[in-house]
Number of protein chains: 2
Amino acid sequence: MHRMVATNARVLAQMRKGIVEFCVLAHLRHGEAYGREIAGTLANDPAVLTSEGTLYPLLARLRKQGWVETSWTPSDSGPPRRYYALTEDGAAALEAFTAAWGPFHSAVTAILEDDG
Amino acid sequence: MHRMVATNARVLAQMRKGIVEFCVLAHLRHGEAYGREIAGTLANDPAVLTSEGTLYPLLARLRKQGWVETSWTPSDSGPPRRYYALTEDGAAALEAFTAAWGPFHSAVTAILEDDG
DNA sequence: GGTCCGTACCTTGCATAACAAGACAGGCTG
DNA sequence: CAGCCTGTCTTGTTATGCAAGGTACGGACC
C-alpha cells in the first residue's frame, strides 16, 4: 500500500489548488494575522495547508491583487512580523468564492454518489 | 462587473484541478463511454468540465495509470469511437478519492462559514 | 466525384498553483 | 561566538485545466 499513500498525497495536493487561497482569506476575517500564525492554524484545522512553501507565495499573490494589506510589526521574541489584513476587495472575492463553492461541491458530491 | 466574470472563470478553473479526473471515473461506473459522450454529459451536469482540451489528455493519463481500459468500436455515423471502461484499480482509486472528498469539503465549508 | 458539414480523436503551448527544500536574518541563551 | 528558535521568502519541480487548432472518417448535396 505504499502506492496508496503516495497517490493520496498527490491527489490531495491537486484537490487543494485554488482553494487554500480562500481558506486564508476566510481566516483573516477573524482579524489580522502573520504568516506563521496562519500556517499553524490552517495546518491544524483540517490539513488544508501543508507547507510554508505554499503559504508565502500565496500571500504575495493576495497582496498583488489587493485582497490583503500588510504592515510590519516588531516582535518581542524574534524577527519582525508581517501582519495581513483583509481589504474590501478581498472580502468581496471571498464572498464570490463562497457563493461558487456551494454549487460546485454539491455537483461533485452528486457525481461521486450517483451510483445509479 | 467585467472583472468579476473573468476572475470567476479563473477561480473555477483552479477549483476543478485534480477533481475532474475523478468525476470522469465516477461517470464510467455507469458503463463504458467514449470521449465526446463523456464530455457532453459532464459539461451539462454542473459545468465541471469545459473543454475537450481537458478531457483527452486526462483520459490518456487514466489509461497510462491503468485506471481505465479502452476498445475501438466502429460507429454507424462517423469515425470509430474509443470506449473507456473502468478497471479494478480505477474503481479503487475512485473509492479512495471519494473517501478523501468528504472530510475535505466539510473542512473547507466549515472554514468558509466560520464567521466567529 | 468533389465539396461541405458533422462527428470523433488527439496535440501544442500557455497559465496557474501546491510543495519540498533551503536561504537568509533577528534575537535570545549559554 | 555558537546554537537554537522564530520569522520571512525563494527556487525548482510537478501536475493540471484550457483554448486553439490539426487530422480523419462518412454522409449529403450539387
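Note on naming: letters A, B, ... go to the chains in the order of the sequence lines (proteins, then strands), and numbering restarts at 1 for each one. Just so you know, these numbers use all the heavy atoms, side chains as well, and skip hydrogens, waters and symmetry mates. Only a predicted model underlies this, so the values are computations on that prediction, with no experimental measurement involved.
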[X] has an atom [atom1]; how far is it from atom [atom2] of [N], in whole Å?
X       : N      : atom1 : atom2 : answer
A:Gln14 : D:dC18 : CD    : P     : 13 Å
A:Leu58 : D:dC9  : CG    : C1'   : 13 Å
B:Leu55 : D:dC18 : CG    : C1'   : 12 Å
A:Leu62 : D:dC9  : CG    : P     : 13 Å
A:Lys17 : D:dA15 : NZ    : P     : 9 Å
B:Trp72 : D:dC25 : CH2   : P     : 11 Å
A:Leu59 : D:dC9  : CG    : C1'   : 11 Å
B:Arg61 : D:dT14 : CZ    : C1'   : 12 Å

Practice task
Please step through side-chain contact (heavy atoms from CB on, under 4.5 Å) for the pair A:His105 and B:Trp101, ending with a clear verdict.
Solution key: CA-CA 9 Å; A:His105 94 67; B:Trp101 171 252; 3.9 Å; yes

Non-hydrogen side-chain atoms of [X] and [Y] separated by less than 4.5 Å:
X       : Y       : value
A:Thr73 : A:Glu32 : no
A:Tyr84 : A:Leu62 : no
B:Arg16 : B:Leu12 : yes
B:Leu55 : B:Val24 : yes
B:Phe97 : B:Ile19 : yes
B:Leu49 : B:Thr41 : no

Handout entry: CD/A:Glu95: more than 12 non-hydrogen atoms of other groups inside 6.0 Å
Key =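 It does not: A:Glu95 CD has 12 such atoms or fewer within range.
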
Practice task
Take the angle between the ring planes of B:His30 and B:His27 and call it parallel below 30°, perpendicular above 60°, tilted in between.
Solution key: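 B:His30 vs B:His27 ring planes: perpendicular.
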
Report which part of the nucleic acid [X] touches: base, sugar-phosphate, or nothing (heavy-atom distance under 4.0 Å, all strands).
X       : result
A:Ser51 : base
B:Glu52 : base
A:Tyr84 : sugar-phosphate

Exercise for the section: Considering only heavy atoms of chain B and a distance under 4.0 Å, specify the first and last nucleotide of DNA chain C in 5' to 3' order that meet this criterion. Expected result: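 Contact boundaries, 5' end first: C:dT7 to C:dA17.
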
Practice task
Go through D:dC9, D:dG17, D:dT6 for me and flag the one nearest to the A:Pro79 side chain.
Solution key: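 For A:Pro79, the side-chain atoms sit closest to D:dT6.
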
Exercise for the section: Nearest-nucleotide wise, let me know which of A:Pro80 and A:Thr50 is further upstream toward the 5' end of DNA chain C. Expected result: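 Nearest nucleotide further toward 5': that of A:Thr50.
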
Exercise for the section: Using heavy atoms to find the nearest nucleotide of DNA chain C for A:Ser77 and A:Ile19 separately, return the residue whose nucleotide is more 5′. Expected result: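 Nearest-nucleotide comparison on DNA chain C picks A:Ile19.
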
Handout entry: Close approaches to DNA chain C from residues 32-42 of chain B, in residue order (heavy atom, under 4.0 Å)
Key =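 Here the set is B:Tyr34, B:Gly35, B:Arg36.
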
